[in-house]
Each structure stands twice: as structure tokens, then as C-alpha cells.
Amino acid sequence: MDLFLGIDVGTYETKGVLVDATGRVHAEARTRHGISTPAPGMVEQDADAVWWHDLVEVATTLRRAVPDAVIAAVACSAIGPCVLPVDSELRALRPAILYGIDTRATEEIGILETRLGRDEIYRRAGNALTSQSAGPKMLWVERNEPEVAGRTRWYLTSQSYLVARLTGEVVIDHATAGYFHPCYDLARLDWDLGGIDDLIRRETLPRLGWSTDVAGTVTAAAAAVTGIPEGTPVLVGTTDAVAEAVGASVVAADDLMLMYGSSGYFIRVTDQPHADPRLWAAPFALPGRFVLAAGTSTAGTATRWVADLLGLDHGDGDAAMFGRLMELVRSAPPGANGVLHLPHFSGERTPLHDPAARAAFSGLTLSTGRAEIARAVVEGVGQSIALAVSALLEDGDVEPRVVAIGGGTHNEVLMQTVSDLTGLRQRTAATLGAAYGDAMLAAIGLDVVTEEQAADWVAFAEEVAPQESLASRLQTAYESFPHTYRALRALREVD
């Protein structure tokens, strides 16, 4: 029985699945881990003790679960873009610097902007430099840890480290390399160190490949610890969000994935590179396709916050707590009787790009009650998502096929708010996440299934359609959303 092994390393959990060519899951495994915050603005993980350890644990667990399986191929995804310096023996030289939640490289962003100019960075990378950019973090290592930099043979990201440990091959996918700005040229699909090659060395960057390319095969050393047979093909892989999109069958031009998690992440697939300073642009996992991406800093974490604030956790589990929250939300009308909430508890990503943004309520009166507060928080999350998604769709002339995934799809008020404000119909995919997308990429990469056949692996649940009667009651609050944010920002700047 030939099975495809998909493994995804997330921020707090690693998951793995064994899937056959029809999309049937034969085994699942998962393990938890944490992050390290050595100083304010710094967020790290140990590549060996977390990433590699988890892959070994999950792989061996799955092999024990299905001992007679023939693993046809392996694909990995992981958080990213991360920055991990390794030596010529692929030994990690320091903990990995994580993606946009690590904000240490502010000074390095300024250095690169001064050297190249913001216009040239945008022309080259299709993006402005932010905390999501890997280039400034590589420069941070070069400037702040010269002993590490002097021993660095390559700068890897999370899944490229796993692939290197499995195969000995040093390669990174285009979808992740596209976030190594300003070192990657989005139009040419290649590294470009012009003007900064004295700051970041070209020879430290891995070779490029597509996510469905075979990077190499499992070595004898890796086989001995993982249980994956020596010689098994290993794909180049990609980041977790891109693998999530593949696992939800979001692969064709004008497909749109809305991922409702603790934060929000949204991907629109295109057939040409698009750049928008409010958004993120990159290649996609598959050749000939690109993405515009957006993200909000707070989604499910805001609903958890308001549930805690209102004392809805009675110690009987998250499901019961969420049920009480939704009962309270439904007891207030759409529009929350004029109460508006900005859910910027941890700054905001797209389209505001303001790490200093903060949450706020407006429209409170002496008659405002718990129900209005609860509803305003949920609708505020929906309004922030609608703002980001509307920016994603501004230059599109085709109505997208929308697939919604994540725990937030169980929040019917949130889903309805987004549909009402964007006019989009959303189909909820019953997906097993990024690890399932990895297995799908492996099957596509080995030409066992086509993209169209892999799409049949995905089951869909209910559809949420916009309701004009509800949209009109939300519109006033939605229109004031960016104005309220700008007013609060002006006050902050005065202080």
C-alpha cells in the first residue's frame, strides 16, 4: 500500500498524516512544542530540539501505526519565513529567528532602505520591508553575531532545514524565498543581491526549487532515526499557510482562501505577479502561479479575550465557553446597537501595517451591555478581515471561488459578517490542515494524481451567502472602522 507522508511544523504543534492516492487518511500523529522569547521583540525556536525532534517523533509514530505501508514520498511544511544559520555540516549555529512575530531587525530594515531605496526594494521584491521580511534578519545576524555569521554556510528556513536533514540537499521553495526580500526578484523568480552583496552574501542562500520538485532522497542516517526508508523521495515543500491552501484545493487562479484562526491569513492565487504595498506578494507552490496574501494579527484570540473578560469560562471546556459566548452574541442585533470594536490587540498587519495599533471600543452608552460588547468584538474581527480581503480583491475582475478553513468557521456570526461586508459566498472546507496539503503536494509531485484529481480529496460543508438585509445594518460601523483607527493613531502620534 503506497502512502504519502505529510508533516507540518506549526508555531505550537507539529502534525503528520499518511494519505493514499484517493485522499484517505490512514494515520495521524501530533506533538506539542513551544517558542522562546529571549528578549522583547525576539521570538525563536530550536531547529534541532523542536523542528527535527518533532519530525522524528511524528514520523516514527506514523510508521508504527501503519507498519506495512510503503511511503511513496515525503513533503514537509513549516512556519516561515524563518532565518536559521547553519554550517557546512548542516548544524544549526543559533536558534532560528521566526517569521513576522519577531521584530528585532528594525534597524536593519532602515539600513537596507537607505542602501537600496524603498522604490527599488518594492520594484525588486514586490513588497515593502517589514518584520515578515527575512533579509533584514539575515543582516541582523551578520551585524550582531559576527562569530555566527563567520561560520554560516547557508541561511535556511524551517522546512528547508528539515529537507536538508532528511536528504543532505540545501534547497528552498520559491513561495518562501519570495519573503526573503529584498534578496529575491519577484519578476525574475531568482535571487538578486544587487547593491547589498557586501551585506548579505549570495553564497549563503540555498538553491531554488518549486514545492512539488523532488529535492532528494532520504539518506541512510535520516532513515535510521525517522523510520522512513532510505531512498524515499522528499519534496522541496513550502510554508504552512501555502500548504493549508493546497490542502483546501485553493490552487487555481482566482481561488481565495480565508483562514480563520487565532489570527487571520488570506491567500488569493493569481496567474501573474501582482504587487500592492498594502499586501504581500510572492510565488505560489506550483509553477506559473503567484499569490497576493493578507493577514490580520487578531481573530480567534479576540473572541477568547472577550469570553474571559465576560467570565464565560466556567471550567467545563472551550466548547461550552464558546457556546455561551455565541448565545450572548446572538442576543444583540447586527451592528451591536452602534458599538464598534477595533480588534488590534497585537498591532495590525494588512492593510494597515501598524505594529503599534491597539484595540478600542467606540459608541458606548450607559445602555451598552454584555451582549453588545460580545457582538461588537466578533463583528470587529469580521470588519478587520473584510478590510484586508477587500484590498486583496480590488484589482480583480473575476468573482473568486472562496474556501474558508480554520476554527473560526464555526463562528456563524463572524462568517456572516465577512460575507455581508465583502459580498462573497464562502464554502467551508473540511480539511486536515497543512500536513494534508503536504501529502497532496507529494502525490502531485510524483505525478500519481493531477491537480484536478487531488481537488477531489477535499470535502466541503455548508456555504455562507451574503444577506443584504444584514449588510446594511453593518455598513455604517464598517465605514467608520478605518476612520476610527486613523483618529486613534493621530492621538498616539500626538502623545
Side-chain angles (χ1 to χ4, degrees), residues 39-44 80-86 93-94 96-157 160 170 172-208 239 273-283 290 292-293 347 349-356:
M42 296 185 178
V43 188
E44 301 178 346
C82 300
V83 170
L84 175 70
V86 303
L93 298 174
R94 71 170 326 279
I97 302 171
L98 298 198
Y99 52 99
I101 58 177
D102 184 294
T103 58
R104 75 182 68 196
T106 301
E107 186 175 343
E108 285 69 28
I109 288 175
I111 291 171
L112 291 167
E113 287 178 340
T114 299
R115 175 68 71 88
L116 291 175
R118 292 182 179 180
D119 290 344
E120 169 58 19
I121 291 170
Y122 186 70
R123 182 208 64 77
R124 180 185 301 183
N127 293 270
L129 295 184
T130 69
S131 64
Q132 190 77 351
S133 305
K137 295 174 183 178
M138 292 189 290
L139 181 56
W140 184 93
V141 175
E142 296 282 331
R143 296 182 68 238
N144 292 277
E145 297 180 348
E147 291 186 4
V148 171
R151 296 166 58 201
T152 297
R153 175 62 185 88
W154 293 287
Y155 284 107
L156 304 183
T157 191
S160 64
V170 179
I172 189 172
D173 62 299
H174 284 278
T176 307
Y179 285 90
F180 272 56
H181 17 83
C183 305
Y184 183 87
D185 189 307
L186 182 61
R188 294 195 302 109
L189 301 177
D190 199 4
W191 298 120
D192 185 349
L193 278 295
I196 56 171
D197 52 358
D198 60 323
L199 301 177
I200 301 172
R201 295 163 288 150
R202 170 66 179 85
E203 63 269 19
T204 62
L205 299 175
R207 67 179 173 91
L208 294 161
T239 58
H274 290 273
D276 185 318
R278 300 168 301 171
L279 305 168
W280 302 314
F290 300 83
L292 268 179
R349 298 193 288 177
T350 61
L352 304 180
H353 291 298
D354 185 358

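Numbers here simply count residues along the sequence, with the first being 1. If you're wondering where the values come from, they're calculated on a predicted model, not measured in any experiment. What's counted below: heavy atoms across the whole structure, side chains too, no hydrogens, waters or symmetry copies.
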Which value, rounded to the nearest 0.5 Å, describes the distance between [X] atom [atom1] and [Y] atom [atom2]?
X: L112; Y: R118; atom1: CG; atom2: CZ; value: 12.0 Å
X: T176; Y: L156; atom1: OG1; atom2: CG; value: 11.5 Å
X: L199; Y: E142; atom1: CG; atom2: CD; value: 8.5 Å
X: W154; Y: I172; atom1: CH2; atom2: CD1; value: 13.5 Å
X: R349; Y: D354; atom1: CZ; atom2: CG; value: 14.0 Å
X: D185; Y: L193; atom1: CG; atom2: CG; value: 11.5 Å

Side chain to side chain, [X] and [Y], heavy atoms closer than 4.5 Å:
X: E108; Y: N144; value: yes
X: C183; Y: M138; value: yes
X: I196; Y: L139; value: no
X: T157; Y: Y179; value: no
X: F290; Y: L189; value: yes
X: Y99; Y: T239; value: no
X: D190; Y: L208; value: yes
X: L93; Y: E145; value: no

Give me the one residue out of S160, P85, C82 that meets side-chain contact (heavy atoms from CB on, under 4.5 Å) with Y155.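 Only one option passes, and that is P85.
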Indicate the atoms forming the closest heavy-atom contact of [X] with [Y], along with that distance.
X: E120; Y: L116; result: CB-O, 3.3 Å
X: W140; Y: I97; result: CE3-CD1, 4.2 Å
X: P206; Y: V170; result: CB-CG1, 3.7 Å
X: P182; Y: P136; result: CD-CD, 4.5 Å
X: S133; Y: L129; result: OG-CA, 3.5 Å
X: R278; Y: H353; result: O-NE2, 2.9 Å

Atom [atom1] of [X]: over 12 foreign heavy atoms under 6.0 Å:
X: R153; atom1: CZ; result: yes
X: E203; atom1: CD; result: yes
X: D198; atom1: CG; result: yes

Ignoring hydrogens and geometry, is there a side-chain-to-backbone donor-acceptor pair from [X] to [Y] under 3.5 Å?
X: K137; Y: D102; value: yes
X: R124; Y: D192; value: yes
X: N127; Y: A125; value: yes
X: Y184; Y: A282; value: no

Please report the C-alpha distance between L279 and H274 in whole Å, then the side-chain angles of each, then the deciding distance to 0.1 Å, and finally whether the side-chain contact (heavy atoms from CB on, under 4.5 Å) criterion is met. CA-CA 10 Å; L279 305 168; H274 290 273; over 6 Å; no
Salt bridge R104-E44, side-chain N to carboxylate O under 4.0 Å: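 Judged by the 4.0 Å cut-off on N to carboxylate O distance, R104 and E44 do form a salt bridge.
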